[in-house]
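Counting convention: from 1, in listed order, for ligands and their atoms alike.
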Amino acid sequence: MVQLKEGIHWVGVVDWDIKNFHGYITHRGTTYNSYLLVSDKIALVDTVKAPFYETWLRHIKQIVDPKKIDYIISNHAEPDHSGSLKKFYKEEAPQATIIATERGQKIITKYYGEIPITTTKEIPELSLGGKTLSFVPVPMAHWPDSMVSYIPEDKILLSNDAFGQHLASTGHFDDEVDQQKLWHEAEAYYANILMPLRSAVGRAIKALDGVPIEIIAPSHGVIWRKDLEGILNRYVRWVEGYTKPKVVIPYDSMWNSTKTMAYAIAEGVASEGVECRVYNVTANHRSDIITDILEAKAILVGSPTLNNHVYPSVAEFLAYMRGLKPMNKIGASFGSYGWAGGAKRFVEEQMKLAGIELIENDLDFAYKPTEDEWQKCYDFGVMVAKKVKE
Ligand code: FEO
């Protein structure tokens, strides 16, 4: 097994096959990281998703006899990290003391029934003899129970969900994997999981200010040991709502009219030298579109009217985006209809509710856009491009 530093082992599992992580498409699989600290006392930090129990247990047994484990730390009760807790405790390590936050205790009990759990209120810090585990609750980074564990002697932060990536790989550290894939997956992970929780994530980052850290070991993906500054800077930038001159155009179309409009707007944006990406929301997964939206300044959503309402695929995308609360965005709606509209108004309402500042326009055309109407779309693209460059 891999060691982060002397006596600190990765005993997690790699999930090469997962393609959908609670609604977020995971093209490159993921890992469920679990760490074993071996000192005078032995502590296991986090478990793994239930179907991976056997593999995980094998990894632990390669290092220690589970009967010798003194503590099991649950940084977070979501089942991808707690799914093997009860079985492991009951069958392999009933002598161990389980430690979680008070909220974690409640959630674990609700999921798995009564198991004896000591809370971090009772033990805020744990000495293993030569190694200390300091527990820092970071509520809502990801769930109310979330916490991180810090090992001051080794300057290691076990950050649970924060700084993770859904990236299955044979490399365990950030310098052992393809860099383009790594940064893309870190960005996708933040956009699809942590973006609506930015206040809590920001507070957690502030709490780390001045804390010496040499390794950040999250619960998904690779462990950061080389470019800590890179990942921390990106998180600060995302939490602060950084945007760049970039336009994303998610749309769907019935008879190519809204598609023609989307393409015309994109041509207008491009004519100003501004980056633009058009996504058909049926052909592309919503989580890939959101990843591209994270740093974009403008979002222009196109929908045809169907039965006096928004197109269902666009409604689904809007619901997803609204939940993720993108920050510092301007946007607009456009589309086509037959004999009566309705989609544009609905899209605008949803975008407003998502906190997007709307750019008014009359790009709502009957049946098929005429040449004049095509030109209006193009000109609108030019105008938006100028706006995002301001
Ligand atoms: Fe990876 Fe919030 O669980």
Side-chain angles (χ1 to χ4, degrees), residues 10-35 44-53 55-56 72-86 88 98 100-112 120 135-149 157-169 172 182 185-205 216-224 231 235 238-239 287 290-291 320 323-325:
W10 176 87
V11 287
V13 295
V14 182
D15 183 350
W16 296 98
D17 294 319
I18 189 169
K19 286 286 172 273
N20 190 315
F21 198 98
H22 53 51
Y24 154 24
I25 196 159
T26 46
H27 298 286
R28 296 192 172 98
T30 195
T31 70
Y32 310 107
N33 297 339
S34 169
Y35 300 96
L44 179 66
V45 179
D46 287 324
T47 78
V48 299
K49 207 171 173 182
F52 295 88
Y53 181 82
T55 307
W56 174 64
I72 304 170
I73 317 303
S74 172
N75 272 329
H76 177 28
E78 194 165 5
D80 50 332
H81 308 297
S82 68
S84 295
L85 177 63
K86 187 173 184 180
F88 181 77
I98 303 172
T101 59
E102 282 181 290
R103 282 163 164 169
Q105 180 190 41
K106 287 194 180 88
I107 299 171
I108 290 167
T109 305
K110 190 79 191 342
Y111 268 118
Y112 309 109
T120 52
F135 306 122
V136 184
V138 288
M140 293 317 297
H142 179 216
W143 278 15
D145 66 303
S146 295
M147 72 170 184
V148 298
S149 299
L157 180 74
L158 305 175
S159 64
N160 196 260
D161 278 335
F163 310 112
Q165 336 89 48
H166 285 314
L167 177 62
S169 64
H172 289 283
L182 169 64
E185 293 306 333
E187 189 172 8
Y189 184 99
Y190 180 89
N192 286 280
I193 295 181
L194 299 175
M195 185 156 63
L197 309 169
R198 56 183 155 262
S199 304
V201 175
R203 278 194 298 276
I205 291 171
I216 297 177
S219 56
H220 297 290
V222 298
I223 298 158
W224 303 93
I231 189 65
Y235 263 61
W238 294 331
V239 162
S287 50
I290 285 294
T291 302
Y320 189 65
L324 291 171
K325 303 185 184 82

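Taking the side chain as every heavy atom from C-beta outward, Tyr190 and Thr291 never approach each other to under 4.5 Å. Within the 4.5 Å cutoff, the side chain of Ile290 has heavy atoms near those of the Leu324 side chain. Side-chain atoms of Thr120 and Glu102, non-hydrogen and from C-beta on, never get closer than 4.5 Å to each other. For the pair Phe52 and Asp15, the minimum side-chain heavy-atom distance is below 4.5 Å.
Within a radius of less than 2.8 Å around atom 2 (Fe) of ligand 1, the protein N, O or S atoms are His76 NE2, Glu78 OE1, His142 ND1, Asp161 OD2.
Distances from atom 1 (Fe) of ligand 1 to the N/O/S atoms of His220 are shortest for NE2.
Judged by distance alone, the side chains of His142 and Glu78 do bring a donor and an acceptor atom under 3.5 Å apart.
Taking the six-membered ring wherever Trp is involved, the centroid distance between the rings of Phe21 and His166 falls below 6.0 Å.
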